[in-house]
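Take a look at the structure set out below.
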2 protein chains.
Amino acid sequence: MTADRRGGSRRVATVTLTPPSLRDNTADADRLVQALKRDVGAERVRIDLPLLKRIPEQIREWRYTARCLLFKDRDAHLLLAATDPSAPGVMAGLAVDLGTTRIVLRLVDLADARILDEDAFNNPQIAVGPDVLARIHHADTPEGLAELQAMVVDGINRTVSGMCTRSGFSTADIHLATIAGNTAMSHLFMGIPPRWLIREPYIPAVNAPDLLTAAELGLALSPGARVMVFPNVGSYFGGDLIAGILFSGMNEMPETAILVDVGTNAEVILGNRDWLIACAGAAGPALESGVARMGMMAAPGVIDTVTVDPATRRIRYETIGGLPPRGICGSGVIDLAAHLFLSGMLDIRGKLVPEKCGEHLAVIDGMNHIVVVQAEDSATGRPLMMSQADIDSLIRSKAAMYTILETITLSVGMTPRDLDRFYVAGTFGSFIKPRSAITIGMIPDLPMECYRPLGNSSLGGAAMALTLDDPMAETARIRDRITYLELNVNQELMNRFSAARFLPHTEPSLFPSVRVGDGSAPPPALSLVEVQPHTPSSLCLAGARTAIPGR
Amino acid sequence: MTADRRGGSRRVATVTLTPPSLRDNTADADRLVQALKRDVGAERVRIDLPLLKRIPEQIREWRYTARCLLFKDRDAHLLLAATDPSAPGVMAGLAVDLGTTRIVLRLVDLADARILDEDAFNNPQIAVGPDVLARIHHADTPEGLAELQAMVVDGINRTVSGMCTRSGFSTADIHLATIAGNTAMSHLFMGIPPRWLIREPYIPAVNAPDLLTAAELGLALSPGARVMVFPNVGSYFGGDLIAGILFSGMNEMPETAILVDVGTNAEVILGNRDWLIACAGAAGPALESGVARMGMMAAPGVIDTVTVDPATRRIRYETIGGLPPRGICGSGVIDLAAHLFLSGMLDIRGKLVPEKCGEHLAVIDGMNHIVVVQAEDSATGRPLMMSQADIDSLIRSKAAMYTILETITLSVGMTPRDLDRFYVAGTFGSFIKPRSAITIGMIPDLPMECYRPLGNSSLGGAAMALTLDDPMAETARIRDRITYLELNVNQELMNRFSAARFLPHTEPSLFPSVRVGDGSAPPPALSLVEVQPHTPSSLCLAGARTAIPGR
């Protein structure tokens with residue numbers, strides 16, 4: 001989407017050298033560097049020894065011209081490749097979204113930022129543990145860290161090799177890789193012990209890794225290929241989010257925007273070109289994969305859209321690929337809750353209203369359930385249901401999300417409705433329907449055009465870095481400007497959370513666009529005394545101290 | 001001598017880190033970098049991945065202190081090592097004088113510039129060819145270059161290993177190496193094809209090599225050790241001379257000095273802190289190793305000092321180690337010529353005067369010889385003699401040397417007698433007696449205190465670079481300031497050369513301190529018409545186009 005924001009790349013350039021003479025006996029490499037300075041403006045250029053060894057013969061063979069690939073590493077440009085301008089091949093870059101569950105790769109032509117290919121594979125570290133916590137513990141065992149690193153590196157090598165075969169070029173044509181992952185995944189990828197990430201005071205080994213070589217990481221790319229691992233702010237704010245900010249472009253805009261990335265945690269970044277503030281809360285599980293039994297990842301046969309006819313109160317649904325339904329994903333769950341509420345089947349407290357639910361109600365073990373799909377229509381042969389407990393969990397999650405958004409905006413003297421733009425990252429962001437999320441009071445009541453799904457912003461940011469003029473500096477600038485906001489679970493926050501546990505909120509004026517089924521405004525605000533007490537641990541809300549590092 | 005000119009090194013420093021807390025969760029590596037910035041003033045610090053991996057455990061084990069070794073590589077400092085401050089070991093550096101004939105190594109303690117050990121070995125590439133020309137041709141054969149590189153690298157590894165064993169530390173304690181060699185030797189050492197060095201227009205592959213790793217060169221030092229190869233100005237002015245300038249300190253002095261390094265070529269650098277001018281001429285062979293049959297390198301039993309009693313005209317000599325004489329080295333030859341001239345046995349044209357030589361004269365095949373050692377006193381059983389042809393050759397060499405000195409000083413509007421300091425580098429410089437060299441008119445008639453032997457200035461400069469704050473920048477500054485003077489063999493130069501072919505010179509006022517044996521001044525100047533014509537090729541004088549690249 002925004003990968004071409006800054007236009008084509010100046011980093012692939014064909015330069016013409018002044019041939020040497022008795023009067024100008026500058027060395028070959030220094031002559032090439034002079035030409036790059038003159039034509040590309042590269043102040044200092046470093047050349048790896050293997051490349052340097054080939055230069056004398058090559059520049060003579062190429063009649064004192066060369067097609068050069070440069071990468072700016074802080075104060076100097078690196079010459080990553082030099083080829084014959086009369087026989088130009090692909091100079092490719094590899095962008096990697098290093099997800100805890102899934103690793104997504106994109107090959108990009110570095111000359112014009114064109115996408116050459118994309119592929120993905122499940123993170124093989126899942127075999128060690130589904131979450132990063134288990135993997136971090138495994139990294140403490142003998143050879144555990146090397147094993148975890150090899151799983152990811154081998155997976156990338158295999159997948160890249162397949163992509164190259166398909167695309168008709170060689171892994172040796174890939175000269176640069178950019179890696180965006182959370183802090184724990186980035187540590188594991190670099191083979192750096194992550195053990196202090198999960199021990200108070202939760203310290204990464206490194207925030208801003210130097211540019212690495214593919215060789216030292218075991219990546220089978222061009223022999224001189226470099227690898228840029230996105231920097232992190234701390235254990236809880238990783239390079240994937242820096243990539244997301246870069247991809248959104250919010251760090252360059254005058255207007256204040258918010259970026260929400262929902263995974264295991266909900267990570268929220270608020271800011272503009274002048275400042276950035278970030279926080280994270282464990283609001284995610286209910287949103288990412290639906291809730292309880294029914295919840296699952298978006299996949300064929302999974303319900304992603306639900307509507308309820310306000311007149312008949314009949315539930316309608318759509319599945320991914322139009323297949324018989326076998327589950328419901330996060331966006332479907334939010335749709336369902338929104339429409340149940342709008343049609344009066346769910347009250348302002350998020351409780352099912354039996355008399356309104358009619359044939360969709362089932363009572364099992366004394367608990368109300370809403371039946372979304374009857375057994376005979378289900379791909380599993382069993383009805384697809386959502387229990388009152390599932391709904392309660394969703395309500396807690398949406399309240400946590402709204403509380404985070406409210407807290408971070410209030411921290412800078414704004415309210416959620418003051419935002420100019422609302423970016424939603426991740427697969428969640430691609431599928432969520434803002435209208436439904438607003439209806440249940442999960443996200444602020446902004447005009448629809450404010451909402452922008454970013455898709456895989458981590459991959460997008462990584463790919464963008466491949467063709468930026470100075471991605472090391474640009475990501476460092478983002479990183480350095482981020483203020484991390486600790487969410488302190490105090491009375492004020494709890495009050496906000498309690499108020500957000502209603503549909504859409506105890507203060508309906510915050511959600512003027514939300515009208516219940518009969519067209520009337522929601523009932524007036526409830527006073528806080530009616531709210532059930534909750535202990536902080538049930539909040540699903542956390543700052544760095546208790547959230548799970550990673551998503 | 002001047003290795004401590006700039007005092008101890010700031011590059012080994014023990015820093016104390018602020019321990020992390022929930023309020024300050026900066027990563028371990030970034031925390032260490034902050035401490036280095038605060039305590040050592042290192043603006044940017046890079047850390048290699050293997051070192052980075054160990055930092056989290058180590059800084060905790062060392063209670064948030066670390067003894068760090070830094071090296072400034074242009075715009076950033078590299079962290080080369082971090083050790084436990086409570087158990088400090090040696091952090092060593094290796095200086096290498098990469099000579100065509102001999103390779104000299106010095107181990108230095110990087111904390112205090114103390115010399116730990118020194119050793120040397122003959123350059124194993126001699127097996128391929130005694131001069132660099134043969135080696136450059138060999139480098140063009142399959143595997144030839146790799147073979148030549150391995151010869152030197154293996155030799156260094158073997159010698160360093162022996163030094164470490166003797167000194168009681170490990171090769172892994174050596175974190176930095178500095179290499180000073182001529183341009184061809186440096187190319188071979190880096191495994192860079194040198195073929196264009198000897199083909200018009202004589203172009204090196206590289207003038208200013210980037211910092212290299214020991215690993216990529218095959219040097220068995222610390223895994224993260226770096227190698228600084230001194231830059232060159234061109235095929236004919238190598239890193240050994242840059243090292244010599246650095247060692248002399250002439251590049252920082254307000255007074256104008258000259259540095260002469262005599263080997264295969266005579267390399268001359270003139271300048272001060274504001275400017276540097278350099279040239280080279282093939283004046284060397286006769287000076288370095290004596291002349292013809294008799295000439296040899298300084299070694300036990302070799303005559304290095306000769307005097308002639310002006311009254312008796314008896315030749316006296318001293319040998320190295322006081323052993324029976326078996327030859328004569330350069331300084332002995334110059335002594336001999338000077339004293340023969342002072343005692344009237346050699347006339348102003350450099351011809352033996354038979355009536356003055358008496359019993360020291362021998363005529364063989366019609367040619368006059370001066371007998372320095374009679375057969376019965378010689379270690380070889382044969383008399384040690386110098387023929388008129390040998391003397392003629394010496395005279396041509398000394399004339400070439402003086403002409404170079406005169407030409408380079410005249411090129412900046414000075415005369416040789418205006419010089420404030422005269423540095424003589426190399427083994428030649430260590431042994432030559434300025435008094436004798438002045439007497440034959442080889443070097444200008446300056447007060448004795450102006451003459452400073454530098455010894456192995458190439459090794460000295462390499463060792464100095466080990467403990468300088470910013471040797472990459474300092475050597476680059478020297479390199480960039482050098483103007484290379486092409487010696488054009490024109491009529492003016494030939495006139496100067498012809499005038500310098502007399503003892504000490506046709507213009508005696510240039511050498512007021514030289515008085516012949518009877519205390520009288522030398523005869524008045526001869527007019528140039530008496531001088532025999534010489535073709536340019538017999539001059540032994542050359543600019544870059546015809547000199548042999550290397551010494």
Side-chain angles (χ1 to χ4, degrees), chain A residues 19-33 44-50 52-57 60 73-76 145 183 187 190-197 200-213 216-217 231-236 484 486 544-545, chain B residues 19-33 44-50 52-57 60 73-76 145 183 187 190-197 200-213 216-217 231-236 484 486 544-545:
Chain A
S21 65
L22 284 172
R23 277 203 229 167
D24 175 9
N25 68 346
T26 302
D28 297 324
D30 302 69
R31 184 174 301 273
L32 178 59
V33 168
R44 293 219 316 100
V45 179
R46 287 169 181 271
I47 305 176
D48 281 354
L49 190 54
L52 181 60
K53 290 177 180 179
R54 292 194 300 269
I55 282 179
E57 289 313 308
R60 284 170 180 79
D73 176 19
R74 308 200 196 238
D75 303 307
L145 178 54
T183 305
H187 275 56
M190 292 186 281
I192 296 174
R195 82 184 305 252
W196 300 102
L197 286 177
E200 199 178 314
Y202 313 106
I203 305 298
V206 63
N207 289 138
D210 287 318
L211 193 65
L212 301 168
T213 63
E216 69 187 323
L217 293 167
N232 65 70
V233 177
S235 314
Y236 296 92
Y484 196 84
E486 285 281 346
R545 278 164 222 193
Chain B
S21 66
L22 284 172
R23 276 202 230 169
D24 175 9
N25 68 347
T26 301
D28 297 325
D30 301 69
R31 184 174 300 275
L32 177 59
V33 168
R44 294 219 314 99
V45 180
R46 286 168 182 271
I47 306 176
D48 281 353
L49 191 54
L52 181 60
K53 290 178 181 179
R54 292 194 299 269
I55 283 178
E57 288 315 305
R60 284 169 180 80
D73 176 18
R74 308 204 193 235
D75 302 307
L145 178 55
T183 305
H187 275 56
M190 293 186 281
I192 296 174
R195 81 184 308 252
W196 300 103
L197 286 177
E200 199 179 313
Y202 315 105
I203 305 299
V206 62
N207 289 138
D210 288 318
L211 194 66
L212 300 169
T213 64
E216 66 188 327
L217 292 167
N232 64 71
V233 177
S235 315
Y236 297 90
Y484 197 82
E486 286 279 346
R545 275 163 225 189

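First the proteins, then the strands, lettered A, B, ... as listed; each starts at 1. Source: prediction; values computed, not measured.
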Please identify, among [options], the residue contributing the most non-hydrogen atom pairs under 4.5 Å to chain A.
options	result
B:A76, B:P201, B:S21	B:P201
B:N232, B:L211, B:V206	B:V206
B:I192, B:D75, B:V233	B:D75
B:A29, B:P204, B:G191	B:P204

Counting heavy-atom pairs under 4.5 Å with chain B, which one of [options] comes out on top?
options	answer
A:R44, A:E200, A:E216, A:R195	A:R44
A:L32, A:I55, A:D24, A:D73	A:D73
A:P50, A:P56, A:P193, A:A205	A:A205

Residue part contacting chain B, namely of [X], when any heavy atom lies under 4.5 Å:
X	answer
A:D210	side chain
A:L212	side chain
A:T213	neither
A:L217	side chain
A:R54	neither

Nearest-0.5 Å distance, [atom1] of residue [X] to [atom2] of residue [Y]:
X	Y	atom1	atom2	result
A:L52	B:H187	CG	NE2	7.5 Å
B:N207	A:D30	CG	CG	4.0 Å
A:Y202	B:L22	OH	CG	7.0 Å

Legend entry - Shortest non-hydrogen contact between A:M190 and B:K53, atoms and distance: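 A:M190 and B:K53 have their closest heavy atoms at O-CE, 3.2 Å.
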Inset, instruction - Go through the atoms of B:T26 and report whether side chain, backbone, both or neither lie under 4.5 Å from a heavy atom of chain A. - result: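 When you check distances to chain A, atoms from both the backbone and side chain of B:T26 fall under 4.5 Å.
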Inset, instruction - Check salt bridge (Lys or Arg N to Asp or Glu O under 4.0 Å) between A:D48 and all other residues, then give those that pass, not counting sequence neighbours. - result: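 Listed in chain order: A:R226.
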